[in-house]
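Structure, as structure tokens:
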Amino acid sequence: MKAIRRFTVRPVLPEPLGPLNDLARNLRWSWHTPTRELFEAVDPEGWRAAGHDPVRLLGAVSAGRLAELAADRDFLAGLDAAAADLDAYLNGERWYQRRDAGLTGPADEAAGGPGGELPAAVAYFSPEFGITAALPQYSGGLGILAGDHLKAASDLGAPLIGVGLLYRHGYFRQSLSRDGWQQETYPVLDPHELPLTWLRAPDGTPVLVELALPAGRVLRARVWQAQVGRVPLLLLDSDVEENGPTEREVTDRLYGGGSEHRLLQEMLLGIGGVRAVRAYCRLTGHPEPEVFHTNEGHAGFLGLERIRELIAADAGGTGFEAALEAVRAGTVFTTHTPVPAGIDRFDRGLVERHFGEDGELPGVDVERVLGLGLETYQGGDPHLFNMAVMGLRLAGRANGVSTLHGAVSREMFAALWPGFDADEVPITSVTNGVHAPTWVAPEVAALGAGKIGAERAEQALSVGGSGRWDAVGEIPDEDVWRVRRALRGQLVEEVRGRLRASWRQRGAAAAELGWIDSVLDPDVLTIGFARRVPSYKRLTLMLRDRERLTRLLLDPERPVQIVVAGKAHPADDGGKRLIQELVHFADDPRVRERIVFLPDYGMGMAQKLYPGCDVWLNNPLRPLEACGTSGMKAALNGCLNLSVLDGWWDEWYEPDFGWAIPTADGSAAADENRRDELEANALYELIENRIAPRFYDRGGDGAGLPGRWIEMVRRTLVTLGPKVLAGRMVREYVERLYVPAALAHRRLDPEAAAELAAWKYRVRTLWPYVSVDHVEAASAGAAGGSAELGATLSLRVGVGLGELRPEDVEVQAVAGRVGSDDALADAQAFPLKPAGGADGEGRWVFEGPLALDRTGPFGYTVRVLPAHPLLANGADLGLVALPAEAAGEHAGVLLR
Ligand SMILES: *Cc1c(COP(=O)(O)O)cnc(C)c1O
């Protein structure tokens, strides 16, 4: 029988245990070990049964046990301490409140010097959030990163508001068929059993956000609130009785459904999300966000909603263009992937229908909406509405997520800035980080705390700052190795448990599974590989030469064991085939004690897996891994990385931290098969000849410890550790993006925004008349084709500005190294000054010195850019005038 209704009956806690409720509702428990230990003490058996979820635990614990605890002085003392600690965490001053803690340099100036104010609030939008396994609203890296971002912001005291959707089925749970084929199930999540509360009006009714859809339909959503330390996370849920059946299903699952379904999800996230933020601020008195940070294109409609607000607020006084300027100034867009499948593109007609006449945004012309997202550039498809393109056009500031990914993104989106070289495309980068208190195993944290004290260790993990880490370098070899072995041992237990459950589920009888007791060995070199299974991540690269892999696994002297996990997208049969291949290999009785595939990769598994591995393997197709974060989490636990030089590893790899798998280049790179073969061989070579020998080298010190290995572990913890922190990442976002965006947004009051919009319109209209007519260079010390270091060229440049004025433009000399094709590299721009007035036809002379300050082939050119004090950068309008001979084609490539 099935129930027709369900309720959640909440426990009534005896009065002295009241604070347990607050501790369970604030997700800080998920990264605060003492609070988790307190919950475990409530009922150790129940804690395991509840999957380490405090809300479920409290729902299940018996009244008798609660009465016992209410009279247990030791427990109550621990409870008081935890409650006081949470209170101090929530209300104390943190980095953001003590601005001296790091806001120096350009950001400080941008904030107006010491008196400048930091953003009052920042709204952070993402389609998924991975905070804890107890709130399964994520599929992979993007969601976990968003969760880590909120947690680190909370630790730093940065006033973020997270915004996302609540998916009733979350992402799918993965299991395997007998034959190793991925099976998907979608358990229903009851929000009342999750650490969530409704956002309510003062009269107690839940807030309802509404969106108008075509043909008079309405999409409604309630707003759930999760509390992530100091940071509220608002999640919109369309599964409400007020909705029609189709609308109820809008938030059914993450990354499911067809085009229209996705569009509705994204409209709800972007437009509904802004409305939820407004309701939250109104109801709680939280300051309104000055900056909106959109992650990947999915939330991009938030910009349209803010444009609508501005137009509506001013009853037609503010036009679309002015509103767009005001909104762009306060928007940050982060692109998270160069893989085309990660970018949503909708048919023009679909978008037209939803934003047309009776659509959602009255007062906003649908043609303007389309103009923001259609691929109206060279190489694009003008019938497609591209969410990343709209993201870039709606954001005054944009970034990729590692140095390499920044460069790849500039290349990929260069077509949006015709006339500019890719390296001038205004997309910067902030390298991702991971939230150490979430990802560092308590045993590893305790090693550090033993050296520098618990409080400083907590600071070091959450806020960062390298000085604090050095003491970790003094931890003796024995201690490091003891912890590493213990973690490996825990992983072995975890793997056996999960593998047994998986085999039972695949239909094996308990009696057939005796062999599982000898799966993996706590003393064998352990390699981990776990991630989603899109083809570029190459799950099965390790299977390229099965005999060779088998020899590595079964080596009598230096065996290797491998733990693999990962989910394929439900619609990706190619990915499922890769999983099946791996499972078939791992099922083979010859090797099954040395290689395992664990189904249902998620945060809970990840937290055991990273610390328990000795080596973390990553072999993506370079440069498609935008950043990658699992290797960072592994490194923070003293696991060494073995990876292709892609994403973050390209930036921070050092021989002390692990090994770089060489990438095939030249002609081999173009031949997929050949490239995989070369890279797989390099992988085997490294494991066989470098990694295993070092791991098993129990040197001459008599203690039987692998001294050189331990030294690498130590270097990884001390030197790499501080770089990979989410605290470092969020501080960078604050200083380099949020503060400048807030400042720009403040400057653009409606009047200034209208002025800027009018100026842009004028400049765009008149730009065809701008030209560089001639360039003269008089030299001291330069003759013919050569010059001496230290010489100076005096440039005189004739430019035609038509009706524009010199203050509308910047005329620049751009100089740098030149290659044989005359392309400038490492170029720097030097502004030239107007000399005298114009002739009757708008022709001006600009002049200035150009110092020849480096040796070797050197070249320069001259160009004219639009200039205005309120522009975020010179490429903002995508307009440039070059001398006729230099105006080549600069069509960027949008990968597809
Ligand atoms: C960190 C993490 C990821 C992302 O890993 P990548 O290295 O970026 O692929 C995915 N899933 C889980 C559960 C994670 O913890």
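Counting begins at 1 with the first residue of the sequence. Atoms within each ligand, like the ligands themselves, are counted from 1 in listed order.
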For this session: Apply side-chain hydrogen bond (donor to acceptor under 3.5 Å, both in side chains) to Asn637 and list each qualifying residue two or more places apart in sequence or on a separate chain.
Result: none
Problem set entry | Where at least one partner belongs to residues 600-644, residue pairs that pass ring pair (Phe, Tyr, Trp, His ring centres under 6.0 Å), sequence neighbours excluded | Trp439-Tyr610, Tyr610-Trp616
Exercise. Between His149 and Tyr733, is the ring centre distance below 6.0 Å?
Worked result: yes
Output block, N or O contacts of ligand 1, threshold 3.5 Å exclusive:
{"unit_1": "ligand 1", "atom_1": "7 (O)", "unit_2": "Thr629", "atom_2": "N", "d": "3.3"}
{"unit_1": "ligand 1", "atom_1": "7 (O)", "unit_2": "Ser630", "atom_2": "N", "d": "3.0"}
{"unit_1": "ligand 1", "atom_1": "7 (O)", "unit_2": "Ser630", "atom_2": "OG", "d": "2.5"}
{"unit_1": "ligand 1", "atom_1": "8 (O)", "unit_2": "Thr629", "atom_2": "N", "d": "3.1"}
{"unit_1": "ligand 1", "atom_1": "9 (O)", "unit_2": "Lys537", "atom_2": "NZ", "d": "2.7"}
{"unit_1": "ligand 1", "atom_1": "15 (O)", "unit_2": "Tyr610", "atom_2": "OH", "d": "3.1"}
{"unit_1": "ligand 1", "atom_1": "15 (O)", "unit_2": "Lys633", "atom_2": "NZ", "d": "2.5"}

For this session: Apply side-chain contact (heavy atoms from CB on, under 4.5 Å) to Leu447 and list each qualifying residue two or more places apart in sequence or on a separate chain.
Result: Ile475, Asp479, Val483
For this session: Tell me, please, whether Trp503 has Arg500 positioned over its six-membered ring: NZ or CZ under 6.0 Å from the ring centre and within 45 degrees of its axis?
Result: no
Exercise. Just by modelled atom types, is the Ser177 backbone N or O under 3.5 Å from a matching donor or acceptor in the Arg506 side chain?
Worked result: yes
